[in-house]
2 protein chains.
Amino acid sequence: MAKIKSGKNISKQEVIIREAAILFKTKGYSAASMRDLAVAVGVEAPSLYNHIGSKSELLQTICFKVGNEFMDYVDIVEKQSSTNAEKIETIIRFHIKMMLQDFNEIFVANHEWKHLKEPYFTDFLVLRRNYEKKLIGLIETGISNKEFKSINPYIAVITILSAVRGLEFLHRHKNNFTNQTLENDMVNHLLNGIKQ
Amino acid sequence: MAKIKSGKNISKQEVIIREAAILFKTKGYSAASMRDLAVAVGVEAPSLYNHIGSKSELLQTICFKVGNEFMDYVDIVEKQSSTNAEKIETIIRFHIKMMLQDFNEIFVANHEWKHLKEPYFTDFLVLRRNYEKKLIGLIETGISNKEFKSINPYIAVITILSAVRGLEFLHRHKNNFTNQTLENDMVNHLLNGIKQ
DNA sequence: CCTACCGATCGGTAGG
DNA sequence: CCTACCGATCGGTAGG
């Protein structure tokens, strides 16, 4: 998405993207100005345009980087020879790990994608929908296998995806549990709720 | 929050708030302009100010209307003589019903509150935190009672609240299930996951 | 409830 | 990478 105008500038471009993610998360895409971003990066606003094409391009880069990362991962998990419950568990753990690791960019992809311009807006919606469909497929197979209860697979996927997404609230508090406890508790909660 | 400048204007003011919620949800608070809102209401932009104080006041009204509604409800449920599992179930069902009923305003309260100005920003954060604490209390008592497994109550609450919040995604698709199925499936998923 | 209009700020460009 | 600056749009006010 982001144009690479010179091999030497890749690093600076990455700094800009990283700072943009922080800014878009904190103030929202629309309220975050390129002048804010310039201050964060340490240059004047017009200088940003030596490294990036536009503000909207920054949003595209962030959203599709995140979206494709999750899609690539689920493609790998689908091919594993394990139960569907194990696959769902693996994916839930991946979501939680990513949420703790790439918090800013995932937050932006989750909340600010609506500011994408066409055709990226529609492309992103399709990407999300395809991702959901893959998870729904895993749940459906698990129901056929009697691994899971007879539930509506779409509702189960919404429940699971929303729950892991909600980890964005964790950053507001000091917590008295480890990341491992977080992962295990959430996996158990979400899997025990649907297991046969 | 919203000033009532004349008894006769309450209705128009309510129309403005309702349209503002739709607009803030669709475009985001910052990207939604008072000129957009004026078009939706059917007046010129300056005329809006005969009914409301400011754009930020609209956001305050919406956020605290939603926040106080949930807080009032949990206060009532807390006093009921029922098991903690039943109380949690009642609250989950309330969240789902409200989500389907007051979708626009709840979406705005969930996503756009970060644009609140001080002291409202901090007040809203405190309100949310207090709401979470009440739910955590219900889970903790349920763990002592052996109604629930020995889990981290905060993680369980985050999981539950995030899951019901995720119903905002439902509006994007045509669904082949009833609201009752949605309620029951989600309640079962979230409660069976933590019940002893 | 309108027309006319304000200062501030926006994303981005020109030119060096 | 900077200074200088553009047209567009913003929330909101004055005055009737």
Side-chain angles (χ1 to χ4, degrees), chain A residues 1-17 19-24 26-63 108 112 114-118 120-121, chain B residues 1-17 19-24 26-63 108 112 114-118 120-121:
Chain A
M1 216 67 46
K3 283 176 232 159
I4 296 169
K5 298 200 174 173
S6 146
K8 279 196 165 184
N9 290 335
I10 290 177
S11 177
K12 192 60 161 271
Q13 193 188 59
E14 284 172 345
V15 170
I16 293 173
I17 292 167
E19 295 297 330
I22 295 171
L23 219 55
F24 292 171
T26 310
K27 309 187 80 172
Y29 175 76
S30 297
S33 75
M34 296 304 275
R35 283 155 178 88
D36 292 332
L37 181 55
V39 170
V41 172
V43 294
E44 296 298 321
S47 301
L48 294 170
Y49 292 88
N50 292 310
H51 305 282
I52 60 153
S54 65
K55 186 185 179 186
S56 64
E57 193 190 85
L58 283 170
L59 183 62
Q60 291 156 31
T61 304
I62 294 167
C63 288
V108 170
E112 304 298 323
K114 69 176 154 192
H115 298 289
L116 287 169
K117 293 177 184 173
E118 292 291 2
Y120 304 104
F121 179 88
Chain B
M1 220 63 49
K3 284 176 230 160
I4 296 170
K5 298 197 175 175
S6 144
K8 280 195 166 182
N9 289 336
I10 291 177
S11 177
K12 191 59 161 271
Q13 193 188 60
E14 283 172 346
V15 170
I16 293 173
I17 292 168
E19 294 299 327
I22 296 171
L23 219 56
F24 292 172
T26 311
K27 309 187 80 170
Y29 174 76
S30 297
S33 76
M34 294 306 274
R35 283 154 179 87
D36 293 332
L37 181 55
V39 169
V41 172
V43 295
E44 295 298 320
S47 302
L48 294 170
Y49 292 89
N50 292 311
H51 304 284
I52 59 152
S54 66
K55 186 185 180 186
S56 64
E57 193 191 84
L58 283 170
L59 183 63
Q60 290 157 31
T61 304
I62 294 167
C63 289
V108 170
E112 304 298 322
K114 70 175 153 193
H115 298 289
L116 287 169
K117 293 178 184 172
E118 293 291 3
Y120 304 104
F121 180 88

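Every chain is numbered from 1, with letters handed out A, B, ... down the list of sequences. The model shown is predicted, which means the values in this text are computed figures rather than measured ones.
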4.5 Å side-chain heavy-atom contact, [X] and [Y]:
X        : Y         : result
Phe24(B) : Lys55(B)  : yes
Tyr29(B) : Lys114(B) : no
His51(A) : Val43(A)  : no
Glu19(B) : Leu58(B)  : no

With both distances kept under 3.5 Å, what pairs with dG16(D), Watson-Crick or G-U wobble?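 WC or wobble partner is dC1(C).
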
Base-pairing assignment for dC10(C) (Watson-Crick or G-U wobble, both under 3.5 Å): dG7(D)

Distance, rounded to the nearest Å, where [X] contributes [atom1] and [N] contributes [atom2]:
X        : N       : atom1 : atom2 : answer
Ile52(A) : dG11(C) : CD1   : P     : 10 Å
His51(B) : dC2(C)  : NE2   : P     : 9 Å
Met34(B) : dC5(C)  : CE    : P     : 22 Å
Tyr29(B) : dC10(D) : OH    : C1'   : 12 Å
Glu44(A) : dC10(C) : CD    : C1'   : 16 Å
Leu37(B) : dC10(D) : CG    : P     : 12 Å

Proximal nucleotide (of [options]) relative to the [X] side chain:
X        : options                 : value
Ser47(A) : dC1(C), dC1(D), dG12(C) : dC1(D)
Asn50(B) : dC2(D), dC1(C), dG11(C) : dC1(C)
Pro46(A) : dC1(C), dC1(D), dT3(D)  : dT3(D)
Ser33(A) : dC2(D), dC10(C), dC1(C) : dC10(C)

Heavy atoms only, 4.0 Å cut-off, all strands: where does Ala32(B) land among base, sugar-phosphate and nothing? sugar-phosphate

Find which nucleotide of DNA chain D each of Arg35(A) and Gly42(A) is nearest to by heavy atoms, and output the residue with the more 5' nucleotide.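 In this pair, the answer is Gly42(A).
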
Asn50(B)-Ser47(B) side chain donor-acceptor pair, cut-off 3.5 Å: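 Asn50(B) vs Ser47(B): no donor-acceptor pair found between side chains.
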
Please confirm whether the shortest side-chain N or O distance from Lys12(A) to OP1 or OP2 of dC1(D) is below 4.0 Å. yes

